[in-house]
Structures are given as C-alpha cells and as structure tokens.
Amino acid sequence: MDQLQISAETQQGLQNLSAKDKQELNQFVVGETQKAQIQSTIHELNSVCFKKCITGRMSSGSLERNEDSCMKNCVDRYMDASMLVVKNLEKMR
Amino acid sequence: MVDAKTDVMQQVRQQAAITNARALVEKINEHCFERCVPTPGSSLSSGEQTCFNNCMEKYMGAWNATSRQYLSHVQKGM
C-alpha cells in the first residue's frame, strides 16, 4: 500500500480524537489489513489455479463448466495441501 | 470539513482499492500476455486482441470463483 496523504489538519485532528474514535479507527485499520491479506492470497491462489485450469483456447470470455469446477477443486486441494504441510511440520518437532 | 477519522478511513479504503486493482491488472497482463502473444509481432493483431479480451474476462470470472471458494474456507475456519 502506498503512503497515505495525511494533511496537517488531519494530523492535528487525529491527536484530538476521543478514546472511542481512536479505538474505532484502530479496529477499522485492523479489519482493512485483514481484508488486504485475504485479497492478496486470492490473487496468488487465482494465479496458480488459472495456470492449471484454463488451458484451452481463449475462444470465449466466460468460464466453461469444466474450467469452473477445476478452479473450485484447485482452491480446495490447495487448502488441503497447505494443511498437510502444517501437519507434517508439526510431526517433525 | 471532513473529520480526521473519516479522512483517514476514506484514504485507507481508497488505497486498498488501488492496490487490489493494480494486482489484478498485473496478473491479467502476466497470464494473458503469456497465453495470447506467444511471438510478439510489430503490433497486436486483431486475433491477439480478441484473445486478450476473452482472457481478461475469463481471468476475472476465475477470480470470482477463487474468491468465493477461498472465502467459504476462511469462514468455516473461523
């Protein structure tokens, strides 16, 4: 994420926020950060699965039925696989 | 005048949207260029452009499928 452009006015205002507003703003940023992380995971996942599932000619703009089910399976198996990695690593401890 | 809290929230939202859009554009270009322009000529042919349009739409369709599927896992996990 690029830097925010916080004006002097806003900076001043931030210091004068009430405790309740501070807490709300903090919670908002935590939530947005989480959303951004999820979005970035979806980008990565989609990139991997697109490569595996969309292999035919680009003859139309919509997903074929088999491509759609491949995408879903790809996401599910990727999750299975990442769980497996964690489980196996735990066994090694 | 917008208060400080609202100002920061708007900016954070806007930056998040820009970052997301930028990632999507990058990925689409990466995949669709690979698929649609195997040997770059002196200009994009109409066939390549059609391929690019289809590829772009497919990529976004795939993104929505991925997003739905992934979010269902995330929600189950919580």
Side-chain angles (χ1 to χ4, degrees), chain A residues 1-7 9-18 20-22 24-25 28-29 31-36 38-51 53-64 67-76 78-80 83, chain B residues 1-38 47-78:
Chain A
M1 203 180 276
D2 293 328
Q3 272 194 321
L4 301 182
Q5 279 163 9
I6 312 271
S7 65
E9 218 178 352
T10 295
Q11 249 172 48
Q12 188 69 47
L14 278 177
Q15 284 173 356
N16 299 333
L17 281 186
S18 67
K20 180 173 162 281
D21 276 346
K22 268 187 192 159
E24 272 176 25
L25 192 53
F28 171 80
V29 172
E32 286 294 310
T33 308
Q34 210 169 41
K35 253 196 266 174
I38 289 175
Q39 267 174 352
S40 127
T41 306
I42 294 173
H43 280 298
E44 209 39 57
L45 209 51
N46 191 46
S47 187
V48 169
C49 294
F50 187 85
K51 207 168 187 175
C53 293
I54 318 296
T55 53
R57 293 187 57 234
M58 295 286 168
S59 43
S60 92
S62 51
L63 289 184
E64 312 288 338
E67 291 172 337
D68 188 64
S69 66
C70 179
M71 288 301 295
K72 286 180 185 151
N73 284 334
C74 177
V75 173
D76 288 347
Y78 194 95
M79 303 296 286
D80 289 348
M83 286 296 281
Chain B
M1 194 197 92
V2 191
D3 69 285
K5 189 178 109 189
T6 314
D7 184 24
V8 171
M9 281 166 76
Q10 272 172 358
Q11 286 204 42
V12 169
R13 266 196 212 103
Q14 199 186 7
Q15 288 301 330
I18 291 173
T19 306
N20 192 36
R22 197 178 279 156
L24 187 64
V25 171
E26 253 170 47
K27 289 285 184 198
I28 286 177
N29 237 320
E30 180 190 318
H31 285 280
C32 298
F33 192 78
E34 176 81 24
R35 294 292 300 276
C36 294
V37 193
E48 286 167 345
Q49 283 179 34
T50 311
C51 175
F52 232 96
N53 284 341
N54 288 336
C55 180
M56 216 175 127
E57 275 176 44
K58 267 199 203 242
Y59 197 86
M60 291 193 278
W63 203 94
N64 288 334
T66 302
S67 169
R68 242 178 284 140
Q69 204 67 11
Y70 179 67
L71 287 178
S72 77
H73 280 277
V74 172
Q75 274 153 7
K76 250 186 270 164
M78 274 183 190

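Chain identifiers are assigned alphabetically (A, B, ...) following the order of the sequence lines, protein sequences preceding nucleic acid strands; residue numbering begins at 1 within each chain.
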Spatial distance of atom CD (B:Q14) from atom OG1 (B:T19) [nearest 0.5 Å]: 10.5 Å

Which portion of A:E24 sits near chain B, non-hydrogen atoms under 4.5 angstrom: side chain

For A:H43 against B:L24, the heavy-atom pair lying closest together: CE1-N, 3.6 Å

Interatomic distance, A:M71 atom CE to B:Q69 atom CD [nearest 0.5 angstrom]: 9.5 Å

A:F50 and B:H31 aromatic ring geometry - parallel, tilted or perpendicular at 30°/60° bounds: perpendicular

Which atoms of A:S47 approach chain B - backbone, side chain, both or neither, heavy atom under 4.5 Å: both

Most chain B-contacting option - heavy-atom pairs closer than 4.5 Å, from A:G61, A:C70, A:G13: A:G61

Atom of A:Q5, atom of B:Q11 and distance for their closest heavy-atom approach: O-NE2, 2.6 Å

A:I54 portion near chain B, given a 4.5 angstrom heavy-atom threshold: both

Closest contact, heavy atoms only, A:V75 versus A:L45: CG1-CD2, 3.9 Å

Per-residue contact mode, B:K27 against chain A (heavy atom under 4.5 angstrom): side chain

A:T55, part contacting chain B, at a heavy-atom distance under 4.5 Å: backbone

Top contributor to chain A interface from B:S67, B:C51, B:A62 [non-hydrogen pairs under 4.5 Å]: B:A62

Which of B:A23, B:C36, B:A65, B:S72 touches chain A most, by non-hydrogen pairs under 4.5 Å: B:A23

Greater than 12 external heavy atoms within 6.0 Å of B:Y70's OH: yes

CA sep, side-chain torsions, deciding dist, call: A:L25, A:L14, side chain to side chain contact (heavy atoms under 4.5 Å, CB included): CA-CA 10 Å; A:L25 192 53; A:L14 278 177; 3.7 Å; yes

Choice from B:R13, B:M56, B:E34, B:E26 maximising heavy atom contacts with chain A below 4.5 Å: B:R13

Chain B contact via A:T41 - which portion, at a heavy-atom distance below 4.5 Å: side chain

Choice from A:G56, A:S40, A:S7, A:C49 maximising heavy atom contacts with chain B below 4.5 Å: A:G56

A:D68 portion near chain B, given a 4.5 angstrom heavy-atom threshold: side chain

Which atoms of B:Y59 approach chain A - backbone, side chain, both or neither, heavy atom under 4.5 Å: both

Sulfur-sulfur distance B:C32/B:C55 under 2.5 Å: yes

A:C53 to A:E67 - nearest heavy-atom pair and separation: O-CG, 3.9 Å

B:L71 portion near chain A, given a 4.5 angstrom heavy-atom threshold: side chain

Best-contacting candidate, B:V8, B:N20, B:D7, B:N53, against chain A by heavy atom pairs under 4.5 angstrom: B:N20

Contacting moiety of A:D76, where chain B heavy atoms sit under 4.5 Å: both

